[in-house]
Protein chains: 2
Amino acid sequence: MTRVSDHARDGVPPHREPVTERSVREAALTLFAERGYHGTALRDIAGELGIRTPSLYNHISSKQELLRGILRETTELVWADFEAAIADIDDVIERLRRAVVAYALRHATHRREALIVNRDVACLDEPARSEIMAVRRRHERAIRQIIAEGNAQGAFAVQTPFLASFGILEMCVSVARWFDPSGPLRAEEIALDYGEFALRLVAASHR
Amino acid sequence: MTRVSDHARDGVPPHREPVTERSVREAALTLFAERGYHGTALRDIAGELGIRTPSLYNHISSKQELLRGILRETTELVWADFEAAIADIDDVIERLRRAVVAYALRHATHRREALIVNRDVACLDEPARSEIMAVRRRHERAIRQIIAEGNAQGAFAVQTPFLASFGILEMCVSVARWFDPSGPLRAEEIALDYGEFALRLVAASHR
DNA sequence: CCTACCGATCGGTAGG
DNA sequence: CCTACCGATCGGTAGG
């Protein structure tokens, strides 16, 4: 309403970033990450952009589609990250390290996306939900496979590879919960540390 | 409505478990864990119990209070678990192992509570939210302190103890996401494995 | 424990 | 991009 009265008073449209599909998603990312999908009203997203709720529909077709776009893109990028990280790497130790570093780094640099994927995938309608979960399972299985290979080569010593793969991945997800880009630790350092943690975790016993 | 017509037809009240504060919380645990706090309507909880929404208010005072009770009790039990696990244990390696085993075990045996604590604490009104988060921070700091002690004694070799403490705890949380009590792995085995993972993670490098 | 009902808010549409 | 408005649903209350 400030904007409306400004406009009415001096005839000059108020300065405002142009609203685009991109800026709508950006606002949704922040609010979904903070309050969750069901905890965020489209009115809140519109307010963040300085427009009214119905105007959002010039950029999106529904709230579900907004969530779907965020989750689809995020999970695809995670998988692309993984493939790029291990491409042309033969050594199984280095494959695991790079896969974990890439995953941890992504969770430090894309915190909002990570929080939404991990909390709000259950809010997604079918069939999108099953599709997203299939991509995530594929990623977990790929990590498990690396661990199994390492076991077979004698490089690792893990009794139950899927316990380790789930644990390692979830450990990386934790980064999204506390990482502060303006804090003392840099995202790259943290990612390297978690890569090291993963290798320690799968190595032979400490005794 | 089935119940109403049954009642009307034969004059005998239909069999139904008596609704209590406990059974309301039990239904809320299941639904909040499945759909989240904002994704669950009081109507859903009432439906699970075979009553109407207003009747819930004979057992609870509000939806918020229902969430608050669940989160308060859960976080207090986690802390009590931790204190019991390390009581009278001096060896720093054993302290860490027992603390992690207890935490992982709780997440396997109280999956719904764990999911709700980790997802819906943000739905809690102040001041309860800050109180809950203070208990969780206390727990994380206590784990971090054990790691720091292990470092000082030369038993552990962790560059950044809080990276390790967060990672270890979140690794245990993952158990709540996938553990299936009717599956092949028993909760106690999983907990012991995660205890072992934690010790490997804080031990000296694998090289 | 119920029915009846409250104001508030939700996602979304009509029409300009 | 807006105003006006829709039916549905929300948590919760009144009164019995």
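Chain letters run A, B, ... following the sequence lines, proteins first, then strands; residues in each count from 1.
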(message) Closest-nucleotide mapping onto DNA chain C: is B/V19 or A/R43 further toward the 5' terminus? I mean the 5' end.
(response) B/V19
(message) By nearest atom, which of the nucleotides D/dA14, D/dG11, C/dA14 is closest to the B/K63 side chain?
(response) D/dG11
(request) Provide, to the nearest angstrom, the distance between the CG atom belonging to B/L56 and the C1' atom belonging to D/dT13. (result) 14 Å
(request) Could you let me know what C/dG16 is paired to, Watson-Crick or G-U wobble, both distances under 3.5 Å, or none if it's on its own? (result) D/dC1
(request) Return the value, rounded to whole Å, for the distance between atom CZ of A/R35 and atom P of C/dC10. (result) 10 Å
(message) Whole angstroms only, please: what is the CG-C1' distance between B/L31 and D/dG11?
(response) 16 Å
(message) For B/D193, give me all partners under side chain to side chain donor-acceptor pair (under 3.5 Å), at least two apart in sequence or on another chain.
(response) none
(message) So if I take every side-chain heavy atom of B/Y57 and compare against D/dG11, C/dC1, C/dC10, which nucleotide ends up nearest?
(response) D/dG11
(message) Quiz question: by atom type and distance under 3.5 Å, do the side chains of A/R177 and A/N118 form a donor-acceptor pair?
(response) no
(message) Please confirm whether the ring centroid of A/H107 lies under 6.0 Å from the ring centroid of A/F179.
(response) no
(request) Let me know the distance between CD of B/E65 and P of D/dG11, rounded to the nearest Å. (result) 15 Å
(message) Need to verify one output field. Residue with the more 5' nearest nucleotide on DNA chain D, B/N58 or B/L42?
(response) B/L42
(message) I want to check one thing: is the phosphate of C/dT3, taken as OP1 and OP2, less than 4.0 Å away from some side-chain N or O of B/R52?
(response) yes
(message) Any salt bridge linking B/E26 with B/R112? Criterion: basic side-chain nitrogen under 4.0 Å from a carboxylate oxygen.
(response) yes
(request) Using only side-chain N and O atoms of B/H38, determine if any of them is under 4.0 Å from OP1 or OP2 of D/dC10. (result) no
(request) Starting from the C-alpha separation in whole Å, work towards a yes-or-no answer on side-chain hydrogen bond (donor to acceptor under 3.5 Å, both in side chains) for B/T75 and B/R136. (result) CA-CA 7 Å; B/T75 49; B/R136 300 185 73 190; over 6 Å; no
(message) What is the distance, to the nearest angstrom, from the NE2 atom on B/H59 to the C1' atom on C/dC2?
(response) 13 Å
(message) Reading DNA chain C from 5' onward, which residue's closest nucleotide shows up sooner: A/I60 or B/T20?
(response) B/T20
(request) Would you indicate what A/T40 reaches in the nucleic acid, counting non-hydrogen atoms under 4.0 angstrom: base, sugar-phosphate, or nothing? (result) sugar-phosphate
